[in-house]
Structures are given as structure tokens and as C-alpha cells.
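Taking it in order: structure first as C-alpha cells, then the write-up.
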Amino acid sequence: MTKLELPALPYAYDALEPHIGAQTMTIHHTKHHQAYIDNANKALEGTAMENMSADEIIAGLAGAPADKKAALRNNVGGHVNHSLFWRVMGPGGSGHPSGELSSAIDEAFGSFDAFKERLEDAGKTRFGSGWAWLVVQGGKLAVVSTANQDNPMMGQELAGVSGTPILGIDVWEHAYYLNYQNRRPDYLKAFWNVVNWDEVASRYSAAK
Ligand code: MN3
């Protein structure tokens, strides 16, 4: 059977300072993400989904056993979401997209600044816990948000939105509380300092 495993963080825990602190990154990666993985592996045990990839599992939740569906949705969702989140961040980013991703953002949203405002709004207006996403939908870019650990790849019926995420912002309090307390908008503004645009661009090329 396949077991889901915690992916190594591609940079040091303090690499995103001062925007996201080392303590937040350490707890988020080794405790929160690990807990999703442990619970996902428990829920997968003995099911026909054991040998599927995490992406396949969340895209195929409709076919999951009824008594496992909620656990798989929350925990494989949490694993997929955080696996993307660590990769689309990094130290020393350029601060802005380039090439065909930059043109696609201008085309979809009018300008890079207008896009940033849209994604920040999606994060601010997500009540409670969830994610703000930049997704590719039918070859075009869109901004959406999901509740809890839902992912646009789960599809319209479950997640309320669809698409392939290429950038995601975790707006659960555990992602920002130690640095920003209740000030989610400040965290969202600071997030732009840690985006790895090369990674987002390569995900865009693969998804479009
Ligand atoms: Mn999280």
C-alpha cells in the first residue's frame, strides 16, 4: 500500500522571516501537516483508494466509501493543500510573475495589482478557515476560495468551485496567528513577499 508522507520543506523553517516566522512554519509543517497525513493514512487503510495518488483521491471522492468520505476529504485535502503551499512559497522571490504567466494575469484580471487585490479579498472574505486560490479553469485563470481543507480539484459539487490550483494561501489561523494574531489582511499583504513565482509559472504551464 501507498502511504502518504510528509514532504521535506524545500527551505529552512526560518527562511520566510520576517513575513512568516520560524515557529509558525515549524508547527505548521511538523504538527498540522503531519496530522493530516496520519489521519489520511488511517482512513485509507483497507480501502480501494490505498494505491491512488493523493490528487487522484481528492478528484475521486465521489467514489469513496461513505464512512470514509469526510475523513478523506479533510485529511487528504489537507495533505494536498499543504504540499502545494510549501512549494509556492520560498525566500528571495522576484516579487512578481514573468513571461506567459504575467500576460495571463494581466489578461484575466486587468493588472498584477488588480489580481493581488482579488486574491487578498478571496482570503479576507473566506469566513472561518479555508484557502484562497489562483486556479486554471478551462485554460483561463480565476480566483476562488474554499472552506476548510477543500480543494478546487474536488470539483464544483463538493468544493463549490473547480479548477487546477497553481497558487494557494492558507487562511486558517494556524498559518498566521503567532505573527499577525487576528490581522488576516496583514498576513495576506505580507504573503506577496514569499511567493515563489517560478514555481507558480511552472504549475501554470502544466495546467493550462
Ligand atoms: Mn494549514
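Order of listing sets the numbers, starting from 1, for every ligand and every atom in it. Please read these numbers as outputs of a predicted model, since none were measured by experiment. The analysis underlying the following values was restricted to heavy atoms, covering all of them including side chains, and did not include hydrogens, waters or symmetry mates.
Within Asp170, the N, O or S atom at minimum distance from the Mn ion (ligand 1) carries the name OD2.
Under 2.8 Å from the Mn ion (ligand 1) lies an N/O/S atom of His82, whether from backbone or side chain. At a threshold of 2.8 Å, the Mn ion (ligand 1) has a backbone or side-chain N, O or S atom of His174 nearer than that distance.
To the nearest 0.5 Å, atoms NZ (Lys124) and CZ (Arg184) are separated by 11.0 Å.
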Stepwise side chain to side chain contact (heavy atoms under 4.5 Å, CB included) check, Ile169 with Leu119:
CA-CA 9 Å; Ile169 311 180; Leu119 196 65; 3.7 Å; yes

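A donor-acceptor pair shorter than 3.5 Å cannot be found between the side chains of His19 and Asn179. No hydrogens or angles considered: nothing links the side chains of His29 and His82 as a donor-acceptor pair under 3.5 Å.
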